[in-house]
Novice: 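Sending over a structure as structure tokens; questions will come in a sec.
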Number of protein chains: 2
Amino acid sequence: MKKTQRRNRPTLQDIAREAGVSAATVSYVLNGTGSVSAAVQKRVRDTAKAVGYRVNHVARATRTGQTLSIGLILPDLSNPFFPELAQAVQSAAREAGYAVFLVDSEGTVETERDSADDLIRRGVEGIVWCPATEHDSLEEFRGDVPIVVVDRPLPNYDTISSDHYAGGALVADQVLALGHSHIAIVAGPQSLSRARQRRQGFVERIGDRAVIDWEVENPFTITLSDATQAKLRDNAATVIVCGNDFIALGVMRALHELGRNIPEDVSVIGFDDILWARHSIPGLATVRQPLTALGKEASALLIRRIMGDEAPVVNMSLATDVIVRGSLHAAN
Amino acid sequence: MKKTQRRNRPTLQDIAREAGVSAATVSYVLNGTGSVSAAVQKRVRDTAKAVGYRVNHVARATRTGQTLSIGLILPDLSNPFFPELAQAVQSAAREAGYAVFLVDSEGTVETERDSADDLIRRGVEGIVWCPATEHDSLEEFRGDVPIVVVDRPLPNYDTISSDHYAGGALVADQVLALGHSHIAIVAGPQSLSRARQRRQGFVERIGDRAVIDWEVENPFTITLSDATQAKLRDNAATVIVCGNDFIALGVMRALHELGRNIPEDVSVIGFDDILWARHSIPGLATVRQPLTALGKEASALLIRRIMGDEAPVVNMSLATDVIVRGSLHAAN
DNA sequence: CAGAAAGACTTAAACGTTTAAACTTTTTAC
DNA sequence: GTAAAAAGTTTAAACGTTTAAGTCTTTCTG
């Protein structure tokens, strides 16, 4: 299929001709570089406006080598965790004059790799990346362009993530403060570092100040494994600490079906504060990840790197907050 | 701050020099255009691989005028409706070789306008746009680049949206089939065309086959207005038809607090099938919008336009499906 | 075996900017 | 009133590609 010619946009040359000056002068005026007399400035600006001039960013980029764009590679937009992150990255980038190419890697390392390759061809000056797996699929690009990893620490990369360990400890503090002494844990997959850290932060803070009645591992989904469901049936703990909000909501649902009352019979607490945590019945107590700050910091750090900041690899972790809601009650 | 020089990437010239041919030949080889002897082809390809050549897409774009990129402007990524749409647009675009600039307009027409302006400077070949308001804030750009509006019909634009009217009618069919004769409506804001259409599709299909006990308007949020809550307190209808899932979930919560059982005492049905509809207790019956199809079609149509398809303005609406879940029951 | 056609490759222009360097005019300094 | 400095403007090269046109060589065709 042949592409039809759109209205050819006016160029610097067009303005130059119209205003009776050279293209260079027009460029100097429009960019505020160089010194140009007031009269010519006005003439140029007026004709630029008159013809509806818009700079051709692509042409500029070939000359300057700066595209003022970055890439954002996420594993799965339909996971409610990521849109807020994407929003923050995009808005911080925009404020710095950068545009964002969005890629949903669909959770595969191949797509991650191919997309990064494509993005670099397109001249992005940096990439914010949330890896789909623990595999370093962008290794080969590290020399080409700065890459900031977000949410999931990966060795050798600048990383911005929530302090999952401290978050777990916060949950422990809260649970202890409410007088719970019999605790159950439905942890996330311990193959994932964030799940491990959350659990560890919790368990270590609990120490011997309470008993962990039982513990089980469950995928980060609202659907519970048979093992988890079995544990719930026999549960005698007064609080169930979950690896994330999906699990927690699944647990709440299961408990509901088992006829247990939340929080009278048993408390539940999650992790992430996804949108629906506040809307469940009762509201789900949880740990809020600073998603917006995460995105902002990732953008900011990436742009510092782009600007040439050569500091050693940064590993930034951001504090989390416990959000107390109806699902969490004092032990009786 | 001074930008440090990243490793200068090898260019066509570098390969040409290395392989002892002209840059043109290298281009011909790598693009598969032109005719080049097998020997030279191999030599060129080998050196290209050896030096780790990647085409400079920006330079190519200045010459060809094609950036192979599109823009996607959405009002609010944190609304769970949009990520799935974004995902579909991006993935369809990628399959066609296009990359996607994502912009969250934060619901303001100024950001919409400014972003579109910026995107066009950046040479996007088209824009998929979900308008934040009913205001045509991109009017001035219509001549510059094809624009496809998604989800919210706007005159003079190619539009892809769900068939809200038909969806409303489907709800009516379902409700009638289950024998309900006393109906309540919590419609969305009737200033919004999609809310209007849903309501109208429903009401017209109901006709005189059932009574509409009461009706109220509520914002598209889970928080219910005082008026809505008052109506719910006195409700005697056997089914409550809601303008979207947020409203429906709010209604379910309110009914729960009023001690009404769903669906034994009263059924509830929503619209959109957001992620949480299936996870509420009971599951929320609703109408599924084909978000993925919506995004795919939008991408596809936009790319057709980019390719020069000059057909008159298209107004495509996609069929919806009723999803029956626990919140909807036969009338007793 | 001559002429034409095809094949292989190079040259050079073009895309729309930016920017260093050159040139011209005006201002400043003494 | 002249030399030097500053201000204003133009020229031309450069960014890394693509591609039309040109050149040279080989292969066909009759």
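Proteins get letters first, then strands, A, B, ... in listed order; numbering begins at 1 in each.
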Novice: Return yes if a side-chain donor-acceptor contact under 3.5 Å exists between Asp76(B) and Gln87(A), otherwise no.
Specialist: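 There is such a pair (donor and acceptor under 3.5 Å, judged by atom type) between the side chains of Asp76(B) and Gln87(A).
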Novice: Quick one: which of Val51(A), Ile15(A), Thr47(A) gives a side chain to side chain contact (heavy atoms under 4.5 Å, CB included) with Pro10(A)?
Specialist: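 When Val51(A), Ile15(A), Thr47(A) are each tested with Pro10(A), the side chain to side chain contact (heavy atoms under 4.5 Å, CB included) holds only for Val51(A).
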Novice: Treating Asp104(A) as the side-chain partner and Leu77(A) as the backbone partner, does any N or O pair qualify as donor plus acceptor under 3.5 Å?
Specialist: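 Pair found, side chain donor or acceptor close to backbone of Leu77(A).
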Novice: Of the listed nucleotides (dT17(D), dT10(D), dT17(C)), which one gets closest to any side-chain atom of Val21(A)?
Specialist: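 Side chain of Val21(A) sits closest to dT10(D).
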Novice: Taking atom P of dT18(C) as reference, at what distance in whole Å does atom CZ of Arg121(B) sit?
Specialist: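 Taking CZ of Arg121(B) and P of dT18(C), I get 12 Å after rounding.
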Novice: To the nearest Å, give me how far apart OH (Tyr53(B)) and P (dG16(D)) are.
Specialist: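 Going from Tyr53(B) (OH) to dG16(D) (P), I get 10 Å.
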Novice: Over all strands shown, is Thr11(B) touching base, sugar-phosphate only, or nothing at heavy-atom distances under 4.0 angstrom?
Specialist: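 Answer is sugar-phosphate: Thr11(B) comes under 4.0 Å of backbone atoms only.
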Novice: Any chance you could list the contact pattern along nucleotides 19-26 of chain D? Use B for base contacts, S for sugar-phosphate-only contacts and - for none, protein heavy atoms under 4.0 Å, 5' to 3'.
Specialist: BB------
Novice: Test side chain to side chain contact (heavy atoms under 4.5 Å, CB included) on Leu72(B) and Phe101(B) and set out the steps.
Specialist: CA-CA 6 Å; Leu72(B) 172 60; Phe101(B) 280 113; over 6 Å; no
Novice: Using the C1' atoms of the five pairs at each end, what is the angle between the end axes of the helix from dC1(C)-dG30(D) to dC30(C)-dG1(D), to 10°?
Specialist: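 The angle, to the nearest 10 degrees, is 30°.
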Novice: Which nucleotide in the set dT17(C), dT11(C), dT17(D) lies at the smallest distance from any side-chain heavy atom of Ser22(B)?
Specialist: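 Looking only at side-chain atoms, Ser22(B) lies closest to dT11(C).
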Novice: Between Thr67(A) and Arg122(A), does the side chain to side chain contact (heavy atoms under 4.5 Å, CB included) criterion hold? Intermediate values first, please.
Specialist: CA-CA 9 Å; Thr67(A) 57; Arg122(A) 287 173 184 276; over 6 Å; no
Novice: Under 4.0 Å between any heavy atoms, over every strand shown, what does Val58(B) touch: base, sugar-phosphate, or nothing? Just pick one.
Specialist: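 No contact.
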Novice: Using a cut-off of strictly less than 4.0 Å, decide whether Arg60(B) has a side-chain nitrogen or oxygen near OP1 or OP2 of dG16(D).
Specialist: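 It does not, given that no N or O in the side chain of Arg60(B) lies less than 4.0 Å from OP1 or OP2 of dG16(D).
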Novice: Check the distance between dT17(C)'s C1' and Gln13(A)'s CD and give it to me in whole angstrom.
Specialist: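 Rounding to the nearest Å, CD of Gln13(A) and C1' of dT17(C) are 9 Å apart.
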Novice: So, are Arg152(A) and Glu134(A) salt-bridged, with charged N and O less than 4.0 Å apart?
Specialist: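 Judged by the 4.0 Å cut-off on N to carboxylate O distance, Arg152(A) and Glu134(A) do not form a salt bridge.
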Novice: Centre of Tyr157(A)'s six-membered ring, under 6.0 Å away, within 45 degrees of the axis: is that where NZ or CZ of Arg142(A) sits?
Specialist: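 Yes - Arg142(A) lies over the ring of Tyr157(A), closer than 6.0 Å to its centre and within 45° of its axis.
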Novice: Under 4.5 Å between any side-chain heavy atoms of Ser162(A) and Ser317(A), yes or no?
Specialist: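 With C-beta onward as the side chain, the pair stays apart.
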Novice: Taking it one step at a time, do Val103(A) and Leu74(A) satisfy side chain to side chain contact (heavy atoms under 4.5 Å, CB included)?
Specialist: CA-CA 6 Å; Val103(A) 174; Leu74(A) 298 175; over 6 Å; no
Novice: Is it the case that the side chain of Asp117(B) and the backbone of Arg113(B) share a donor-acceptor pair, with hydrogens and angles ignored and the cut-off at 3.5 Å?
Specialist: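 Answer holds: no.
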Novice: Where do Asp144(A) and Arg54(B) land on the salt bridge (charged side-chain N to carboxylate O under 4.0 Å, His left out) test, with the steps shown first?
Specialist: CA-CA 11 Å; Asp144(A) 293 318; Arg54(B) 258 191 231 110; 3.1 Å; yes
Novice: Return the residues of residues 34-42 of chain B meeting this criterion: a heavy atom under 4.0 Å from some atom of DNA chain C. Order them by number, or give none.
Specialist: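 Those residues whose heavy atoms fall under 4.0 Å from DNA chain C, taken from residues 34-42 of chain B in numerical order, are Ser35(B), Val36(B), Ser37(B), Val40(B).
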